Amino acid sequence: AQSVTQLDSQVPVFEEAPVELRCNYSSSVSVYLFWYVQYPNQGLQLLLKYLSGSTLVKGINGFEAEFNKSQTSFHLRKPSVHISDTAEYFCAVSGSASKIIFGSGTRLSIRP
Amino acid sequence: NAGVTQTPKFRVLKTGQSMTLLCAQDMNHEYMYWYRQDPGMGLRLIHYSVGEGTTAKGEVPDGYNVSRLKKQNFLLGLESAAPSQTSVYFCASSYSDSTDTQYFGPGTRLTVL
């Protein structure tokens, strides 16, 4: 069975500061990992995903994440955030063909 | 190309009433999913479908039924609504299995009194 833990429910940062959103997973099989973003009053959209290959994955809007198998982590980073990055971010893991498991979400708030 | 659409956007029900939520996608996707989103709990899978005419249970299926009579539509039914089903419901679709990107609808906010 797979599970995913997002360690921070809320992360406040100042505009143009770097940010890291943490995600740890557990799985007994090979995993596929995702980060989705949900802007206010919208559905989720994919930021990036790791299926195989390079452990550093680049996504949209300047975000990137690094797959670390030994630490079972898939942390999301951005070197300089903008007000428009204010959203809730969900880490997700899949180890089966049909389903993915979402974390509880991290709310990123950007202060001017 | 509308992507994934959901009907209705908002609904208020009384305990015991029934309703159906409609999800439609125009991307010719095989896989479709219904999730519920509750504060602090992320998204939980209710039911999913891997193709027309198929359905399967997800993480929290009790109290819900689904049907996929047409490839482009995935219906979620509540036969007898309960206050515990107050939530935001999201439909999603993907071309292939769970390694593929899921495309989400805008959500339906349901309140059960």
Side-chain angles (χ1 to χ4, degrees), chain A residues 1-11 21-25 27 29-53 57 59-60 67 74 76 87-108, chain B residues 2-7 9-10 21 23-25 27 29-51 54-61 66 68 74 87-109:
Chain A
Q2 295 85 40
S3 67
V4 60
T5 303
Q6 291 184 246
L7 299 164
D8 305 297
S9 59
Q10 296 188 55
V11 173
L21 305 183
R22 297 180 293 168
C23 173
N24 287 89
Y25 68 91
S27 177
V29 297
S30 297
V31 294
Y32 309 106
L33 294 156
F34 308 80
W35 276 100
Y36 281 83
V37 60
Q38 183 180 31
Y39 298 106
N41 299 314
Q42 294 185 28
L44 281 70
Q45 57 183 278
L46 183 71
L47 266 181
L48 50 81
K49 63 182 176 181
Y50 170 81
L51 301 183
S52 65
V57 182
I60 61 172
F67 171 58
F74 191 55
L76 182 70
E88 189 155 20
Y89 293 79
F90 292 92
C91 182
V93 61
S94 171
S96 71
S98 304
K99 296 180 281 187
I100 68 173
I101 304 297
F102 286 88
S104 55
T106 297
R107 194 172 296 276
L108 178 63
Chain B
V4 180
T5 57
Q6 293 183 231
T7 309
K9 288 185 169 50
F10 304 93
L21 280 67
C23 176
Q25 51 94 5
M27 296 175 283
H29 285 171
E30 290 292 336
Y31 288 62
M32 296 188 75
Y33 311 82
W34 275 108
Y35 296 92
R36 59 177 290 172
Q37 183 179 31
D38 302 293
M41 301 186 74
L43 275 76
R44 293 181 291 168
L45 182 64
I46 304 172
H47 286 281
Y48 64 99
S49 168
V50 301
T54 74
T55 62
K57 294 181 180 180
E59 187 183 352
V60 288
V66 288
R68 183 101 181 266
F74 195 31
S87 187
V88 181
Y89 292 85
F90 287 99
C91 176
S93 70
S94 62
Y95 184 70
S96 66
D97 65 20
S98 61
T99 61
D100 198 9
T101 301
Q102 292 191 14
Y103 294 85
F104 284 79
T108 295
R109 186 173 296 274

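Just so you know, these numbers come straight off a predicted model, no measurement behind them. Throughout, a chain's letter reflects where its sequence line sits, starting with A, and its residues are numbered from 1.
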*Asks:* Side chains of B:Ile46 and B:Tyr89, heavy atoms from C-beta outward: is any pair under 4.5 Å?
*Replies:*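 Result yes, sub-4.5 Å side-chain heavy-atom pair found.
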*Asks:* Side chain from CB out, backbone as N, CA, C, O: work out which of these in B:Leu43 comes under 4.5 Å of a heavy atom of chain A, or both, or neither.
*Replies:*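 For B:Leu43, backbone and side chain are both near chain A.
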*Asks:* Under the side-chain contact (heavy atoms from CB on, under 4.5 Å) rule, what do A:Phe34 and B:Gln102 come out as? Steps first, then yes or no, please.
*Replies:* CA-CA 10 Å; A:Phe34 308 80; B:Gln102 292 191 14; over 6 Å; no
*Asks:* Would you find more than 12 non-hydrogen atoms of other residues, nucleotides or ligands less than 6.0 Å from B:Tyr103 atom OH?
*Replies:*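 Result for OH/B:Tyr103: open.
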*Asks:* Starting at CZ of B:Arg36, measure out to CD of B:Glu59 and round the result to the nearest 0.5 Å.
*Replies:*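 Nearest 0.5 Å value for the CZ-CD distance: 10.5 Å.
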*Asks:* Which residue out of A:Gln45, A:Gln42, A:Lys49 racks up the most heavy-atom pairs below 4.5 Å with chain B?
*Replies:*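 Among A:Gln45, A:Gln42, A:Lys49, the one with the most close pairs to chain B is A:Lys49.
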*Asks:* Identify which of A:Leu46, A:Ile101, A:Leu44 forms the greatest number of heavy-atom pairs closer than 4.5 Å to chain B.
*Replies:*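 Highest number of heavy-atom pairs under 4.5 Å: A:Leu44.
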*Asks:* Closest approach of A:Ser94 and B:Ser98, non-hydrogen atoms and distance?
*Replies:*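 Looks like OG-OG, 2.5 Å.
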*Asks:* Between B:Asp100 and chain A, which part of the residue has a heavy atom less than 4.5 Å away: side chain, backbone, both or neither?
*Replies:*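 Contact with chain A is through both the backbone and side chain of B:Asp100.
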*Asks:* More than 12 heavy atoms of other residues, nucleotides or ligands under 6.0 Å from CZ of B:Arg109: yes or no?
*Replies:*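 Open: at most 12 neighbouring heavy atoms sit under 6.0 Å from CZ of B:Arg109.
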*Asks:* Quick check on B:Gln37 against chain A: is it the side chain, the backbone, both or neither that has a heavy atom closer than 4.5 Å?
*Replies:*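 Just its side chain gets close to chain A.
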*Asks:* Should the pair A:Phe90 and A:Phe102 be assigned to parallel (<30°), tilted (30 to 60°) or perpendicular (>60°) ring geometry?
*Replies:*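 Rings of A:Phe90 and A:Phe102: perpendicular, as their planes differ by over 60°.
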*Asks:* Going through the checks in order, is the side-chain contact (heavy atoms from CB on, under 4.5 Å) test met by A:Leu48 and A:Tyr50?
*Replies:* CA-CA 7 Å; A:Leu48 50 81; A:Tyr50 170 81; over 6 Å; no
*Asks:* Taking only heavy atoms into account, what residues of residues 3-11 of chain A are found under 4.5 Å from chain B?
*Replies:*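 The stretch does not come within 4.5 Å of chain B.
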*Asks:* Quick one: pull up CZ in A:Phe67 and OG in A:Ser52 and give me the separation to the nearest 0.5 Å.
*Replies:*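 A:Phe67 CZ to A:Ser52 OG: 10.0 Å, rounded to 0.5 Å.
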*Asks:* Which region of A:Leu51, side chain (C-beta onward) or backbone (N, CA, C, O), has a non-hydrogen atom less than 4.5 Å from a non-hydrogen atom of chain B, or is it both or neither?
*Replies:*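 Just the side chain, heavy atoms under 4.5 Å.
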